[in-house]
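Start at 1 with the first residue, then count along the sequence.
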Amino acid sequence: RSGEMAKLTQLIDNEVFRAYATYATIVLLKMMLMSLITAYFRITRKAFVNPEDTASFGKGESAKKYLRTDPDVERVRRGHLNDLENIVPFLGIGLLYALSGPEVSTALLHFRIFTGARIAHTFAYLIPLPQPGRGLSWAVAYSVTISMAYKVLKTVLYL
């Protein structure tokens, strides 16, 4: 049992793992914030998808007009979906990458660029900024994840 605790302590003492945990937490919090922004836009635009969500605006036919889509709500939802499509792979590949023994400076560069690009992508989506800003920020973050995956495969390939 003490051997297991020693291994866990080694992981927590690993600078690369701590960096991964830090930046993974930042992007997860950013992704969670997208849920709150979606709720804010739904409430302020009075655009709901579930009948029970319209109860405070009346009953029956008077509440039905709030069962609708709104372009602003849909834009936030698309940004949130894009987070799910990109942050989830980063979490898995980033963890494997952190455990593959990269240099701290290289790992920090990967994690910081990914995080910065995803934050920039969110601003580009929500403001909205003209293209190619959103596309470039997506491509940068995606490339970072591919780079980490390549490093993992190169380091620990076991076929």
Answer yes if F17 and V144 sit in the same cluster of Ile, Leu, Val, Met, Phe, Trp and Tyr residues linked by side chain heavy atoms under 4.5 Å apart, and no otherwise. yes
In this structure, is the centre-to-centre distance between the rings of Y125 and H121 below 6.0 Å? yes
Other residues, nucleotides and ligands only: do more than 12 of their heavy atoms fall within 6.0 Å of CD on E103? no
In this structure, which one of V27, T25, I26 forms a side chain to side chain contact (heavy atoms under 4.5 Å, CB included) with L29? T25
With sequence neighbours excluded, residues passing salt bridge (charged side-chain N to carboxylate O under 4.0 Å, His left out) with R77: E74
Could you check whether F114 and F90 have their ring centres less than 6.0 Å apart? yes
Find out whether V76 and L126 are in side-chain contact, i.e. whether some heavy atom of one side chain is under 4.5 Å from a heavy atom of the other. yes
Between H80 and T38, a side-chain donor and acceptor under 3.5 Å: no
Would you please test L96 and M148 for side-chain contact (heavy atoms from CB on, under 4.5 Å) and show each step? CA-CA 9 Å; L96 295 173; M148 291 188 302; over 6 Å; no
Using salt bridge (charged side-chain N to carboxylate O under 4.0 Å, His left out) as the criterion, list what pairs up with R75, not counting sequence neighbours. none
Is there a continuous path of hydrophobic side-chain contacts, each under 4.5 Å between heavy atoms, that joins Y20 to L109? yes
With R45 via side chain to side chain donor-acceptor pair (under 3.5 Å) - residues at least two apart: D72
Would you say the side-chain atoms of T54 and K64 include a donor-acceptor pair closer than 3.5 Å? no
